[in-house]
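Residue numbering restarts at 1 for every chain, and letters A, B, ... go by the order of the sequence lines.
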Protein chains: 2
Amino acid sequence: MTKKTHSNCPVYYALDFIGDKWSLIILRDIMLEEKKFFLDFIGSHEGIATNILTNRLANLESDGFINKIRDTADKKRFVYSPTKKGLDILPVIIAMITWSSKYIAKGSPASNFMAMVNDDPVKFEKDICAKFSNQTE
Amino acid sequence: MTKKTHSNCPVYYALDFIGDKWSLIILRDIMLEEKKFFLDFIGSHEGIATNILTNRLANLESDGFINKIRDTADKKRFVYSPTKKGLDILPVIIAMITWSSKYIAKGSPASNFMAMVNDDPVKFEKDICAKFSNQTE
DNA sequence: CATGTTTACTTGCTTTTTGCAAGGAAAATA
DNA sequence: TATTTTCCTTGCAAAAAGCAAGTAAACATG
């Protein structure tokens with residue numbers, strides 16, 4: 001996802017930014033799992049490597065999906081949060097959850113999100129956006 | 001996207017299948033661009049290599065997203081078509097189109113799909129599904 | 001029916017990306 | 001000052017993707 005082709009196809013355009021697995025996983029962690037710090041993302045059970053995480057966080061920031069600000073309480077670390085542009089990716093994530101809840105193996109341990117999304121996807125999105133309503137951009 | 005991790009996270013579960021760019025581009029071509037044949041996909045301006053296309057078509061078929069049947073009219077070639085499971089990915093694609101139409105540069109040559117999706121996304125999805133209503137699975 | 005074309009796929013090679021392990025730097029802590 | 005925490009970098013190996021050429025079966029043509 002280094003070079004953006006800026007295709008005139010809107011599907012490909014979106015994939016230029018979130019067409020790799022890790023970028024969407026990070027956005028999921030930020031928006032759904034309320035992760036904020038570098039080590040939070042490292043703690044995801046998917047196991048992203050530190051160099052890849054650094055690269056993806058930088059891309060997501062320069063592409064305007066997330067903000068990166070130094071934590072005032074603990075200046076060693078940075079707080080990562082979604083921008084409006086990033087929050088607007090939520091419908092894509094929700095659509096994936098809807099699809100998965102239909103096709104995931106019955107025996108699989110169900111995620112909380114599946115029930116919530118199936119129950120009321122609009123409310124699900126609104127509730128998450130409300131958590132980040134203090135975002136300026 | 002070779003090994004499926006079968007994570008209990010529904011986002012990651014979906015990304016196991018469509019988390020690489022090419023798989024979604026192929027599904028876009030099949031469902032939105034009404035492409036059917038190997039050479040149709042090669043003709044996409046994104047430029048997928050033949051070995052990658054062969055691999056992705058095989059994966060999509062074995063994962064149950066598409067059907068592959070020999071063309072009765074011209075037995076040299078195969079007809080690729082979406083299954084119900086594949087058509088259920090449409091909301092993900094539509095969510096991407098919605099996102100892109102909001103953030104794509106104003107000067108960019110607009111796709112037909114952007115206007116149609118923004119006008120009536122539910123109708124957009126129904127119309128596409130109707131085209132493939134003869135699909136048995 | 002011999003020859004050439006179309007369509008799908010394969011193979012070998014190079015380049016790019018990812019994964020992994022170790023280390024480094026700034027801020028906090030003791 | 002020494003140690004820990006947090007984020008990031010670097011070097012190297014493994015995996016994936018990209019590219020060009022070639023193969024084989026179905027078909028078309030003379």
Side-chain angles (χ1 to χ4, degrees), chain A residues 1-5 7 12 15-27 29-30 33-63 65-81, chain B residues 1-5 7 12 15-27 29-30 33-63 65-81:
Chain A
M1 299 299 108
T2 312
K3 52 177 180 181
K4 306 287 187 297
T5 52
S7 162
Y12 197 73
L15 289 176
D16 258 350
F17 299 101
I18 56 166
D20 81 298
K21 183 175 59 178
W22 292 123
S23 297
L24 259 190
I25 290 294
I26 292 168
L27 288 174
D29 281 350
I30 291 183
E33 306 283 355
E34 301 181 62
K35 297 188 175 178
K36 293 183 175 69
F37 308 116
F38 191 89
L39 290 184
D40 287 341
F41 305 120
I42 292 298
S44 285
H45 74 281
E46 278 90 3
I48 185 171
T50 61
N51 52 349
I52 306 294
L53 178 58
T54 299
N55 174 262
R56 294 304 190 280
L57 287 173
N59 286 346
L60 285 172
E61 190 199 8
S62 68
D63 290 338
F65 287 80
I66 61 175
N67 290 317
K68 172 187 183 179
I69 53 174
R70 197 172 280 277
D71 189 4
T72 50
D74 182 353
K75 291 186 191 166
K76 286 193 306 299
R77 60 191 187 178
F78 296 90
V79 178
Y80 297 93
S81 60
Chain B
M1 300 299 108
T2 312
K3 52 177 180 182
K4 305 287 189 295
T5 51
S7 162
Y12 197 73
L15 289 176
D16 257 351
F17 299 102
I18 56 166
D20 81 298
K21 181 175 61 176
W22 292 123
S23 296
L24 259 190
I25 290 293
I26 291 168
L27 288 175
D29 281 349
I30 291 183
E33 306 283 355
E34 301 182 61
K35 297 188 175 180
K36 293 183 175 69
F37 309 116
F38 191 89
L39 289 184
D40 287 342
F41 305 119
I42 291 297
S44 285
H45 74 282
E46 278 89 3
I48 185 170
T50 61
N51 52 350
I52 306 296
L53 178 58
T54 298
N55 174 261
R56 294 304 189 280
L57 286 173
N59 287 345
L60 286 172
E61 190 199 7
S62 68
D63 290 338
F65 287 79
I66 61 175
N67 290 316
K68 172 187 182 179
I69 53 173
R70 197 171 281 278
D71 189 4
T72 49
D74 182 354
K75 291 186 191 166
K76 287 193 306 297
R77 60 190 187 179
F78 296 89
V79 178
Y80 297 93
S81 61

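Taking every side-chain heavy atom of A/Phe38 into account, D/dC7 is the closest of D/dC7, D/dG18, C/dT7. Relative to the side chain of A/Thr54, the nucleotides C/dA8, D/dC7, D/dT9 differ in distance, and D/dT9 lies closest. Closest to the side chain of A/Asn51, out of C/dT18, D/dT9, D/dT6, is D/dT9.
Rounded to whole Å, the distance from CZ on A/Phe78 to C1' on D/dT5 is 14 Å. Between B/Ile52 atom CD1 and C/dT16 atom C1' the separation is 12 Å, expressed in whole Å. The nearest whole Å value for the distance from the CG atom in A/Leu39 to the P atom in D/dT4 is 16 Å. If you take NZ of B/Lys35 and C1' of C/dA8, they are 17 Å apart, rounded to a whole angstrom. Taking atom NZ of B/Lys68 as the reference point, atom P of C/dT7 lies 15 Å away to the nearest angstrom. The distance between atom CG of B/Leu57 and atom P of C/dT7, rounded to the nearest whole Å, is 16 Å. If you take CZ of A/Arg56 and C1' of C/dG19, they are 12 Å apart, rounded to a whole angstrom. Across the protein-nucleic acid pair, A/Ile69 atom CD1 and D/dT6 atom P stand 17 Å apart, rounded to whole Å.
Residues passing the side-chain contact (heavy atoms from CB on, under 4.5 Å) test with B/Ala58: none are found, sequence neighbours excluded. Qualifying side-chain contact (heavy atoms from CB on, under 4.5 Å) partners for A/Asp71, counting only residues two or more places apart in sequence or in other chains: A/Phe37, A/Ala73, A/Asp74, A/Arg77, A/Val79. With sequence neighbours excluded, no residue satisfies side-chain hydrogen bond (donor to acceptor under 3.5 Å, both in side chains) with A/Lys68. Looking at residues two or more places apart in sequence or on another chain, you find a side-chain contact (heavy atoms from CB on, under 4.5 Å) between B/Thr54 and B/Phe38. Residues that satisfy the salt bridge (Lys or Arg N to Asp or Glu O under 4.0 Å) test with B/Glu34, not counting sequence neighbours, are B/Lys131.
Contacts of residues 41-49 of chain A with DNA chain D (heavy atom under 4.0 Å): none.
Looking at every heavy atom in both residues, A/Leu15 comes nearest to B/Leu24 through CD2-CD1, 3.8 Å. Closest of all the heavy-atom pairs between A/Ala49 and A/Ile42 is C-CD1, 4.5 Å.
Residue A/Arg77 places none of its side-chain N or O atoms closer than 4.0 Å to OP1 or OP2 of C/dA26.
The salt bridge (Lys or Arg N to Asp or Glu O under 4.0 Å) analysis of residues 35-46 of chain B, with sequence neighbours excluded, yields the pairs B/Arg28-B/Glu46.
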Base, backbone or nothing for each nucleotide of nucleotides 22-30 of chain D, written B, S, -, heavy atoms under 4.0 angstrom, 5' to 3'?
----BS---

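Looking at B/Ile25 and B/Ile48, their side chains never come closer than 4.5 Å, going by heavy atoms from C-beta outward. Contact annotation: the side chain of A/Phe65 never approaches that of A/Ile26 to less than 4.5 Å [non-hydrogen atoms, C-beta and beyond]. No side-chain heavy atom of A/Asn51 sits under 4.5 Å from any side-chain heavy atom of A/Asn55.
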Identify the pairs formed between an N or O of the protein and an N or O of nucleotides 13-15 of chain C at a distance under 3.5 Å, and give each distance.
none

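No donor-acceptor distance shorter than 3.5 angstrom exists from the side chain of A/Arg56 to the backbone of A/Ser23, with no hydrogens or angles considered.
Comparing the start and finish of the helix from C/dC1-D/dG30 to C/dA30-D/dT1, five pairs each, the helix axis swings through 10°, to the nearest 10 degrees.
Using bins of under 30°, 30° to 60° and over 60° for the plane-to-plane angle, the ring pair A/Phe41/A/Tyr80 lands in the perpendicular bin.
How far NE2 of A/His45 is from OH of B/Tyr12: 7.5 Å, rounded to the nearest 0.5 Å.
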